[in-house]
Each structure stands twice: as C-alpha cells, then as structure tokens.
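Structure first, commentary second.
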Protein chains: 2
Amino acid sequence: MTRHAAIRAQIEARILSGALRPGDKLPSEAELVAEHGVARMTASRALADLVAAGLVVRRRKAGSFVAVPRAEESLFGIPDLRATLGPGHAHAVLHRATRAATAADKARLGALPRGARVLALQVRHMAGAVPQAIEDRLINLAAVPEAAAEDFGAAPPGSWLLERVPWTEAEHRIGALAADAATAALLAVAEGAPCLVLDRLSRREGLPVTAVRFTYPGDRHAFTGRSTPRLREAPQPGMRIS
Amino acid sequence: MTRHAAIRAQIEARILSGALRPGDKLPSEAELVAEHGVARMTASRALADLVAAGLVVRRRKAGSFVAVPRAEESLFGIPDLRATLGPGHAHAVLHRATRAATAADKARLGALPRGARVLALQVRHMAGAVPQAIEDRLINLAAVPEAAAEDFGAAPPGSWLLERVPWTEAEHRIGALAADAATAALLAVAEGAPCLVLDRLSRREGLPVTAVRFTYPGDRHAFTGRSTPRLREAPQPGMRIS
DNA sequence: TAGTGGTCTAGACCACAGC
DNA sequence: CTGTGGTCTAGACCACTAA
C-alpha cells in the first residue's frame, strides 16, 4: 500500500466506524506531515482522495472536515423526496412498529443476528392532496438504535437516516409493477396501474442498516438524470425524481 | 486556469472533437513536460485527471491512450443489452428508415438544423425465444453519417454507437408505463402490463447524437446496481439489467 | 533492457477565508 | 494578518512491461 493510501485508509476507517462524525475536524496537512513523516504533497493527496470520495470537505484557513451528507444527493444519485417535491411536500407515517425480525424482514435486510429487532415503517408522501409515493421501510435497530425513539414527524426516515448514518454499500433495484389493491388505494390509482418501484438496501461495513421500497405511480413519477463523462471537478449531478 | 487543467483541457478537446480517436496514443509525460514547460508531476496530474474522467488509459512502458469505451459500462452505468443478456442474446432490426427529421423526431432529439436527416430504428432484443426489450432509436445522421450505411446486424445500435461516438452529455428518464397493444404484441405480454421504460438522449458538445427508448417487460427486467461512496480507485460498478 | 508511469520528497509561492 | 489549502518545481527511486 502506498503512503498516501495508508493515510487515507486510516482516516476513512475512523469516519466509517463512526469515531469521526460528520462535521468533525480532521488533522491539517501539517499535522499529518508531522504524524506520518511524509511530504506535504503526500498528505495532501490523501485528503484530496477523500474529497473525491465525498467523505471530506476542505476549506482554506478553516481546515478539513468530515463531510455532512446532503439529503439532496442521496444514494445512487436518487434524492429523497423532500428535496424533490419541495415545500408542498408532506409525509405521514401510516404504520410504525418495532418487532423482533421476522423471516420476511431477514429476507429484506439480509443476515441479522438472532433476536435482532427492527423498526418497520410505512410512510405516504403527498404533494398537496395527491399521493406521490409509498415508502415501506425496515430499519435495523442494532445499527441505528436511536431510530426507536424517533417519530419521523419532522423529517421522513430517508432524510433522517442519511444525516446520521454513514453508509459504505448499497444495492438498488428499479422495476415496474402493477399496483395491487392496497397500493392502488393508497396512491389513488386504479388497481393494476403501472408503478415504478425502487428497492434499496444500505449497509455500513457489512451491517444491514435499512431496506426500503418506494412505490411511485407510473403516471406521476420518473427518475431523470443528466450525466457527463465523470470528471473529477464536476461530480455527477445525479438523478431527480420528477 | 491552472497549468494542469490547461494541459488536460487541450487533450480533452482533441478527444471530444474527434481529432484523437479511441486507441490513439497520447504524448508521454516527458513530451508534455517539454511541450508545456512544466514539471513532470504537473503533466502527470493532467493525465491522471483524464484517467479519472474515463477518457484515457495508461500503461507502463506502452504510454497513454485514448480510452476505448467499453460497451459494458454505458451511460449512467446502464449497460447495453449485449453485455447484460450474454451469449444467448439476439437482436433483430424490425424497422429501419432514413428520412428528413419530422416534428416528432425534433421533439425527441432537440434542436436540429433545417433539412436534417435521421435514421429511425426499431430493434427487438431476445433471450432465446423470449422477448426482452424493444429499442426505438433515432440517430442524427449529421452527427453520425456512417450510421446510414450500417445495417446493425452484428452489433445492436447502442453498442455500435458507443464504440464510435464520444459523448459529452446525456439525459435519462426511467419510468413505468402500461404496454399498449403494439408493444404488448412485440414483448409477448398482456396489453396494459407494466413496463419499465428507459429514455436516453445523448449529445456531443451540444449536438444531438441519438435518442432512444428501451421498453422492458416489468416482470422480466429491472435495473439493479451496487454503489459505494465514490472512491477514486474503485469506480462505481454501475447498474445491471437483470 | 529501456521506456514509461507511479510515487515520493523538500522545498516554494500564492489565494483565500477566518481570525 | 496568518493559517490553511492549492498548486507547482526539479529532482529522485522504483515497478512494471513491452520491445
């Protein structure tokens, strides 16, 4: 491993483990130079890589800090609904339950220890009086214990989680399904109407954090995005839901 | 503009304009040093940025070369169907026409000069005897004149284009639609069945190149992906269609 | 084996934004 | 004003691999 990669890995591990939290100050280049006995360009390279990875922000004179994830640029470039729908957006928690993980829960979240507890949520997102999406979410309380005491009245669970839990891996699936009777009723569409479905499973260092399914009425939503060849100084703008 | 950015921009312009084609050799670091009067690290940084942008590949002793886009990692990480479906995949051109751009064509491709000619294609993708997708594509012949003489028997148009035409910008839309009668017949699904629809418009330096709509049966396909925080040395694996 | 890229050093000057 | 990051230099050694 190269020296800049070693420095980078050390800092990255502290961020991903939670020892360093979003907003915390990192060592300055000069401190890294003294600590690791390298040239400043080497320390600078390590921090620059962390910036490219989105884990760190740097400000002149102020220093380097653990990046605070912005809700607008969620996983895979698919933002959460708060940013998408804007001020007219409202959400309501339809169901909320904590329970020992069932077999079905384990199938969604992946391997969980025996007796693991999960928080199951169903949230409906509205734009005015028009239903825009149904969110079915499972949260692994072993990974996010503070979720048990949260009512998600102010921020929907996606935004709430994004600002608190660093993630290291996510799996996504975007498909199309016909609305079943329950979904159709909640979304105010005809039974059998085409719906866009986004499934996402997020992990932190192998530990499942949350599994979520968003169901959007096919006539009201699409994922849109712009992309350019990935440039270091122009990160991918990502997808929007529109 | 910094010196490494200037060197990078010069090379990038030559690649995007087509003056340098995929596979062409770029100046070595030593040549860039002599040409621009900079230190080697500065030239190296310019080339490293181009590698990060995916425009360049570098091999020790051999040199730096314009990257040949791989069909497996298409725009937005959504690969073309050849790579997805593997050896069992076959495609057939159902319709093929060159014509002066109609109003509908211009609506899909965006601004075109008067009298612009386009190639319209409809292609069906199969896995064995099972239809997997319908591809409706428009190609701007002003941007890709050699497409007029291509029959797309060997490679489907997506792969063919990707290997020949550099792109600088793309817009995407993923939605869900009910299959109309014609689509249902081609995909061998019931009329009204939910379908996943991917629309993509690609441009090269503002010039529309191609607009395409893929329609997938909702019960046979989904876009799946894994993602990690974007690391310079571990590029996004991207989506797969499965 | 020689050319090329990959990394690192120990300096330097500058721009910028907090203090 | 000063700490911090951003960039650049002119070297150096090494690793890899294509010739």
Side-chain angles (χ1 to χ4, degrees), chain A residues 1-12 14-15 20-68 70 230-235, chain B residues 1-12 14-15 20-68 70 230-235:
Chain A
M1 176 176 282
T2 60
R3 308 191 69 176
H4 74 261
I7 297 172
R8 175 215 164 117
Q10 186 209 60
I11 298 172
E12 189 171 288
R14 280 190 275 179
I15 295 174
L20 285 170
R21 305 186 67 88
D24 285 357
K25 193 168 189 309
L26 296 179
S28 71
E29 292 187 354
E31 289 167 336
L32 289 175
V33 163
E35 181 183 348
H36 292 86
V38 296
R40 190 167 80 94
M41 277 214 58
T42 305
S44 177
R45 167 74 187 272
L47 289 169
D49 283 359
L50 288 165
V51 170
L55 286 175
V56 163
V57 294
R58 312 186 70 184
R59 293 199 306 276
R60 283 181 161 96
K61 170 72 181 175
S64 303
F65 301 85
V66 180
V68 179
R70 292 186 303 167
R230 26 206 76 64
L231 309 177
R232 189 195 286 178
E233 63 273 12
Chain B
M1 176 175 283
T2 61
R3 309 191 70 176
H4 74 261
I7 297 171
R8 175 214 164 119
Q10 185 208 62
I11 298 172
E12 190 171 287
R14 279 191 276 179
I15 295 174
L20 286 170
R21 305 186 68 88
D24 285 358
K25 193 168 189 311
L26 296 179
S28 71
E29 291 187 353
E31 290 166 336
L32 289 175
V33 164
E35 180 183 349
H36 292 88
V38 296
R40 191 168 81 92
M41 278 215 53
T42 305
S44 178
R45 167 76 188 272
L47 289 169
D49 283 358
L50 288 165
V51 170
L55 287 175
V56 164
V57 293
R58 311 186 70 184
R59 292 200 306 276
R60 283 181 163 98
K61 169 70 180 174
S64 303
F65 302 86
V66 179
V68 179
R70 292 186 302 166
R230 27 206 76 63
L231 309 177
R232 189 195 287 179
E233 64 274 12

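Excluded from the calculations below are hydrogen atoms, water molecules and symmetry mates; all remaining heavy atoms, backbone and side chain alike, are included. Here is how names work: the chains are called A, B, and so on, in the same order as the sequence lines, proteins then strands, and each is numbered from 1.
- In this structure, CE of M1(A) is placed 11 Å from P of dC8(C), rounded to the nearest angstrom.
- Near DNA chain D, meaning a heavy atom under 4.0 Å from it, residues 26-34 of chain A has S28(A), E29(A) in order of number.
- Between A62(B) and K25(B) the shortest heavy-atom distance is O-CE, 3.3 Å.
- Residue K25(B) is the one, among K25(B) and T42(A), whose nearest nucleotide of DNA chain C lies closer to the 5' end (criterion: closest heavy atom).
- Regarding R45(A), its CZ atom lies at a distance of 15 Å from the C1' atom of dT7(D), rounded to whole Å.
- Going from atom CZ of F65(B) over to atom C1' of dT17(D) covers 12 Å, rounded to whole Å.
- With a 4.5 Å cut-off on side-chain heavy atoms, S44(A) and R58(A) count as touching.
- The shortest side-chain heavy-atom distance between R21(A) and V66(A) does not fall under the 4.5 Å cut-off.
- Considering only side-chain N and O atoms, S64(B) lies nowhere under 4.0 angstrom from the phosphate OP1 or OP2 of dT4(C).
- The interatomic distance linking I7(B) (CD1) with dT7(D) (C1') rounds to 12 Å, in whole Å.
- Residue R58(B) contributes atom CZ, which lies 17 Å from atom P of dG3(C) at whole-angstrom precision.
- Going from atom CD1 of I11(A) over to atom CG of L32(A) covers 5.0 Å, rounded to the nearest 0.5 Å.
- Considering only the side chain of T2(A), dC8(C) comes nearest among dT7(D), dC8(C), dG6(C).
- Partners of A5(A) by side-chain contact (heavy atoms from CB on, under 4.5 Å), not counting sequence neighbours, listed by chain and number: M1(A), T2(A).
- Annotation: side-chain contact (heavy atoms from CB on, under 4.5 Å) contacts of R60(B) (sequence neighbours excluded): none.
- In terms of the side-chain contact (heavy atoms from CB on, under 4.5 Å) criterion, A34(B) has no residue partners (sequence neighbours excluded).
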What string of B, S and - do you get for nucleotides 10-19 of chain C, 5' to 3', if B is base contact, S is sugar-phosphate-only contact and - is no contact with any protein heavy atom under 4.0 Å?
-> B-B--BBBB-
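- Between the CG atom in L50(A) and the CZ atom in R45(A) there is a gap of 11.0 Å [rounded to 0.5 Å].
- Within the structure, the side-chain hydrogen bond (donor to acceptor under 3.5 Å, both in side chains) test picks out the following pairs touching residues 34-43 of chain B (sequence neighbours left out): E29(B)-R40(B).
- For D49(A) and dG6(D), the CG to C1' distance is 15 Å, given to the nearest whole Å.
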